[in-house]
Every structure is written in C-alpha cells, then in structure tokens.
Amino acid sequence: MASTSMSRQRKRPVYSDSDSDSDNEPLAMRGPLMRAKRKSSNLSGSDSGSESDQPLSSKAKPKANGILKAVVPNGSSASKPSIKKPKKDAAPLPTKEKLSKKIKKEKSSAVPTPVAVKSESIGRSRVKKERGAPSPPTKIAGNASRLIDRKPLIKAESSLAASSQNGSEFSEMEEDEYKWWLENKDNDGPKWQSLEHSGVLFPPDYEPHGVPLIYKKSSVKLAPPVEEVATFFAAILGTDHAVNKVFQKNFFDDFKEILDQHMPGHPIMEFKHCDFTHIRAHLDEQSSKRKAMTKQEKETAKRLKMAVEDKYSFCMLDGRREKVGNFRIEPPGLFRGRGAHPKTGKLKQRVMPEQVTINIGKDAKIPDPPPGHRWGQVCHDNTVTWLAMWKENINGNTKYVFLAAGSSLKGQSDMRKFDKARSLVLHIDAIREQYTKDLKSPDMAECQRATAMYLIDRFALRAGNEKSDDEADTVGCCSLRCEHIKLEPPNIVHFDFLGKDSIRYERTTEVDRLVWKNLRSFQKGKNKSPSDMLFDRLTTASLNKHLQTLMPGLTAKVFRTFNASYVFQKQLANTPANGTEAEKILAYNRANRDVAVLCNHQRSVSKGFQGQMTRIEDKLLAVRYQRMLLKKYLLEISPKLAKKRPDLSEREPGVTPKWIKAYLLATCELDRDKLKKKFERDNEKLQEAGEPLIPELKLKEQIAEINAREKAINDGTYEPEPPVAKTATTDKVLEKIDKLAERIKNIEVDKIEKDENKTTALSTSKLNYIDPRISIVWCKKYNVPIERIFNKTLREKFTWALEADKDWVF
DNA sequence: TTTACCACTTAGAAATTGCGCA
DNA sequence: TGCGCAATTTCTAAGTGGTAAA
C-alpha cells in the first residue's frame, strides 16, 4: 500500500537477449519434470498442458538426453543465433505509460491523509491521525479499556499485571485493528516505546514412569533423570534418527554421562545392548489413552491448557495488544539436526529460568520467575523485538521469543522486505547489464562476483555463508566447491549440492557461454582440487557490499524474493478467466509451484502417497462407471437423444469390462462387511434396550442375496441397476449426468494437483517469498474468495496487504 | 580484515485439528 | 459416527546479514 518506492518512476525490466545467450529470467524453475507433468494434464483451459500454451515466455525444453535447455523469453533456444527479440509488451507487467499513471495514483494514496478507517473486526470506525504522530490510545470495550486507555500506560500496577490476576481478561479484550501500514513506519530507531508481557512458559517437570530399560535382556530400573533421557530415545524409535549411527553415538555419549552421574556402578556399557522398546510401549499406551479420551475430556484438557497459556499468548506493545509467537521454552530432548549434522542426537538440556533473559519495558512489571528461581537477566532494550532469550547447549545458539507472524512488528518487516524486492524491479536491468559486462572482467574477484550474481539471479541460489566443521556440510552460491558443478561443453552445467536443511539441489541447465567459461576457469584454477572453493575470491560480505552500491539495501537474498514474486505474477496470467473456481485455483497453485520449484522447496513423499493416489484413481473410475450406467439407461428410455447428444455414446476411459468386474466384486465384499457390522451394532443396541434381537437368519438371507449377485457377476449374467429412480424423467437423468461430470472434473483436478505436489512444498514460497499483494489482486481480478488461497494464519499475517488496489502490480 | 556474535528470516518435519465420506 | 486423509499449526533447526571486537 504505502510503498516507499511508489513515488519513483517504475519501469519494467527489459529482458534482453545478448550475444552471450543471456536469458534474463530465472531458469531453474523450468524443470523437465514440471513440463512432463503439465503434459499429462488433460484439462481444458489456457493451462491445458499444451506447450504452446505454457505460461513462460521463456521455456526450457528437455532435450532427448534430459538436459534442460535454457531459452530466451520468446521460447526459442538461447544458444541459437536466430534469437527472436522478446516482445516487450508480452509480459504481464504494465507498460511504462500505464505505470506512470499507476504511480501517480499510488503516489496519491501512498501518503495517507487522515482518513476514517473502518475497523473490520468490530464494525466501528475511528479516525487515524496524521502519520508520524504517536498512535492514539486504542479504544477497547469493557474492563480492558480501563487497562489500555490509562496514561501513562504502564505503571507499577500495570495492565498486564491486572489482567493476569483474573486469568484471561487481557486476552479476551475486544480487538480494534491497528492499521500500522497506513503510517510511514521508520525502520531505524526504537522498535517500541512500551512493552509489557508475562515472560515465558516452562515445560512441566519430568514425571518418572518407572518402566525399565532392558539391557542384555535384563531389566534395569533407571533413576528419573536417566529415565527421562532414555525416554527421549524411545520416542524416536521408528524414525530415521533411531538408526542413524551418528545420532546413536551422540545420544549414547550423553546418556552415559547422565548414567555415570546418577547411577554410579550401572551395567550399561554399549548402545547395541540397550532395548528401549518397553519404554516405547509405555509411550504408545499413553498416546492411545489420550486418543481414547471422550470428546468432553479432550475439551476439558484443551481448556485447561489454554487457561495456563493464556497470559503468555499476548503482550502489550505501545499500548496495543499483540500476539506472542513462541512463548514456550523449548523442552529438553534429543537434538534432531538435519542431514549429516555432526551433533545430531546430543542431549538438549532443560532450560532453567536462570539462563533466560527477559526483555521488557522499563516501567513494566517484571514477570515472576517460577517459584524458587530467578531470571538470568532482565533488560529493557527497545532496539530489538525479542521478549526473552536463552542460549541452547548444543551449538551455543541464541533462542528468542518473538511476536507472532501476524503482529505489527513482523508485518512491518515483511512489508519492507517485499517493497525492497519490488524496488529491485527498477534496478534489475542495470544490474544485469553490469554483471554481464563484468563477466569479462580481467579482475578475478570481479569476474567471480559477476558469475555468482548470475547464478543467484537466474537460479535463485542462496548467498552461501561459510560454515564451521561442527555443522552439516551444506552450501550456497558463494560457498560452492568445485565438486558441486560438472561442466559439459559448450554451456551445460550440472549442479549437485546440498543446500539449506541438507536439501539436495540437483539441476542440469544451460548457462550463458561466458558464465560457463568462467566456471571452467574457476574450477580448473591453479592446483585446485574438487574440495576447493569454486569462488575463492568471493565472500557473501564482499558480494553484499557490492550489491549495496547497485541499490540501497540490496543483498543476495533480495533476488530470491524478487524473482519468486516476479515469476509468480507472470505465471498467474495463465489463469483461465472463464474457468471454474477449481480451474482458477489450479492455475494459481501451478504458479505457486513454479516458484517453489525455482526456490527448490522440497518435501519428502508421504508414506501413504501411492495408496492415496490409487484410491483417488478408484474413486474416479467408480464415478465414471456410474455415469456410464446413467448414459446407457438414458439412451434406452430416449433413443432419440443419441443423435442430439453424441457424448452419451462415448466410452468412459478406464472403465473396462475387467475393471467393472473387479469393482463389482469388491462392492460385494464391502456390502457383506457393512451388513455384518450393522447387524452387530443394531443387536447391541437392542440388547441394551432389552428388546428382542434381530434373528441371525435375517442376516443370512441378506448375505445370500449378495452371494447371488457375486455369482451372477462371475458368470457374466449380472445386470446392474441404473443409479437413478425408475420414475426419473429424461431431464432428471441428464441433470444427474451433468452433476457427475462436474464431480469427475473435480476429482481429476485433485488427482493432478496431488501428483504435482508430491515432492514440492508450496507453503514456504507462499509464506516467505511471494508478495501477498499479488495474490490478493489476483483474487479480486478473478473473483476468487481470498479464503480459498490464504488460510486464517496467512490472512492474519498479511492483513497489511488485504487492501491492495486491484490495479496493483509487483 | 577476520571472527564472533546478535537478531532476525526461512525451512521442513511433526503434531494436531478439521472435514468429508461411507 | 468413526475413520482416514488433508489442511493447518507448531516446533525448532538452519539460514542471512549487520555490527562490534579482536
């Protein structure tokens, strides 16, 4: 909304095709997999899977050998001399002229004049003051208003203290929305003026269960602190961690230490003789008990939990109630490092109040530490946003308690992030021109920097800070080693390395020929071995320092946000304007998926995936079969329709005689089971009521009917009944057929989406990289309710973007 | 200039909740 | 009404990038 960049002249980046086969768009997203999946789609509409209909003006076509070929924006090969100039108006971004109009419009709304802002949450209006002035006291109903309207806001008898005395008063206050985005909030300077909160919530003390560890087939009763650690291991049995040798070793080293300390003279010497299964059985039993609780018991437990957490859930920031994020101190457990983390399995110790620093307003009441304890430190630092912090014992990292994602502080920072990425639109042409020039630089540092910038810009690579030996061996752009790329002339690069969270980045693509030559020279440099740094004259710090000279505030990570949002906006142009809501959402999710592929956001395939796909397939065929029966019946009662509606004579794909037989037989099996269950249930009820039971003969009769049906199916004499009342008119049958058609379409969309999302996680890009205003504007344009694409959490996180004008572009 | 530290964002997995279907 | 699956939420590890200290 009130973007800082709006007053400047905005221009669309020009995607030029240089002689050095430069293709100025992120390429990484154009994987062969994606194309193949698209091709498998049999849906109509603009995103039908036809290559020519594909969204990217610059598409990668998998070559016969599976190599991804980089192509220029118009779709032709970048490496071929016959490159067509990209049509500058083809991109979804508006023209310069339109933009300047838009800017004028935005300019006028960028500086918010005092306006009456309607509070959506409670339907009241209030008048916002001019920006820069302090926020007005928030008007809040009932007791709460007493707490908030007071001036000065926080005194010895603080609002929070008052609220915490009577439980949830504080958090039940009626909320009045504070539209911080209508103010021009300064990034520098203090983050808050006053801050009240209730501190942090500690995990409960350990309660021993007394289940022994089995060592060399003998029971060993463990001392409670030892039992606790053994129970941590029992809890991870069945996961990959439990069989990871490093995890086992690290765990056992720490376990042994606890054993030596609390049970001197214990017999436990080797991990391989430890049997945690009894403890695990106990945990499973506990879990089953929890699951078996009645609805009411569950509700009571939930209410009790909420009552305890209530006071920690909210804080008062500058007199406004804000949600706290992770107010819980992390419980002790085993460190689950990702990938090949050398410390995985080590014991994460219990955090004591004495280790915790509380950050709170000077005038606020300091929350009470748990009885018998004191806080490590209390500070009043308003230049930071955290409410509490402590150091964990595994890596010595600091853990912070921050406000929730939907809070004003996080929202402001988010909006700034996207505005910054958006302002890169204005600089990207010059930046690309500059680094393309620098690719030829005789200065090695400059040449490496330009090459790295190309990779960061085109493949959305992370910066790649250096890491120490006691972390997993993962890399980003600047920390790539020679072994992470393989070069194939004239310009093909195979990337294969582990990125953040040890997620594999594996991609084969064409690059600019100069980039390829540079990479070869960096790789084959003097005495370089595979484990040497590819960019040995480059650091993230030096790269970012250079980026700052190109655009204020520009760092390597801004390219990821910029490219993600830009690609997303562009791909959304493939939304079928006249499609159904499901088809529009499919197009939306596909654009989202393109971004996720670009950013390499992966997820592991869930265990039951194949089974789920088979079930969807079965469901689809079953509905098709129903439609087939209806069509057949309709032509029997109205043979004249055959000419008018040739579709009624069309075969249902996949519904073969073999499938029909198997399906009908499976139905018999299912029906028998159902009958038996119903019979038992009914009789149980009758017995409870003291009424006469249904005789078993009745059940046997019904089962005999099913058996006869089964025999007829096997004999090939079975004639299925049409799934419609015999009295139904032709119109009624037609109506039913149309309904089934819609159902089939929906199942097909589900199936395609499920398959396409198998290994790609869409949520990360949606949450962190795609400017939410693009989605909101899309919803307005295509008349899709925002709830269909943003869940409650996302809507809360992106409240600042909800009012984006329908003409807004990234 | 390098290193350590700090504050924050980004990330996938796991846990929990909700919902549709038989 | 219960079950299975999907969606959502929670959890916390693992990044980035700025700055102060060595």
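Reminder, nothing fancy here: chain letters follow the sequence lines and each chain counts from 1. Quantities reported herein were computed from a predicted structural model and do not represent experimental measurements.
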ask   = Think A:Ser413 has a side-chain N or O under 4.0 angstrom from the OP1 or OP2 of B:dT9?
value = yes

query = To the nearest Å, how far apart are A:Arg537 CZ and B:dT1 C1'?
reply = 14 Å

Listed nucleotide nearest any side-chain atom of A:Thr474, set C:dG18, C:dA14, C:dG15 = C:dG15

ask   = How many angstroms lie between atom CG of A:Asn359 and atom CD of A:Gln377, to the nearest 0.5 angstrom?
value = 10.5 Å

request  = Give a yes/no on whether any side-chain N or O of A:Arg560 is located under 4.0 angstrom from OP1 or OP2 of B:dA11.
outcome  = yes

query = With a 4.0 Å cut-off on heavy atoms, is A:Lys391 in touch with a base, just the backbone sugar-phosphate, or nothing at all?
reply = sugar-phosphate

task = Starting from the 5' end of DNA chain B, give me the residue, A:Thr398 or A:Gln602, whose nearest nucleotide shows up first.
result = A:Thr398

task = Determine: side-chain N/O of A:Asn544 to OP1/OP2 of C:dG17, distance under 4.0 Å, yes or no.
result = yes

inquiry  = Less than 6.0 angstrom from the centroid, inside 45 degrees of the normal: does A:Arg507 satisfy that with respect to the ring of A:Tyr505?
reply    = yes

inquiry  = Judged by each residue's nearest nucleotide on DNA chain C, which is more toward the 5′ side, A:Lys399 or A:Arg462?
reply    = A:Lys399

ask   = Between A:Thr555 and C:dT16, is there a side-chain N or O to OP1/OP2 distance below 4.0 Å?
value = no

Below 4.0 Å: OP1/OP2 of C:dT10 and any side-chain N or O of A:Arg328 = no

query = Under 6.0 Å between the ring centres of A:Phe568 and A:Tyr588?
reply = yes

message = For a quick check of understanding: with a heavy-atom distance under 4.0 Å over all strands, which category does A:Lys348 fall into, base, sugar-phosphate or nothing?
response = sugar-phosphate

ask   = Do any side-chain nitrogens or oxygens of A:Lys500 fall under 4.0 Å of OP1 or OP2 in C:dA13?
value = no

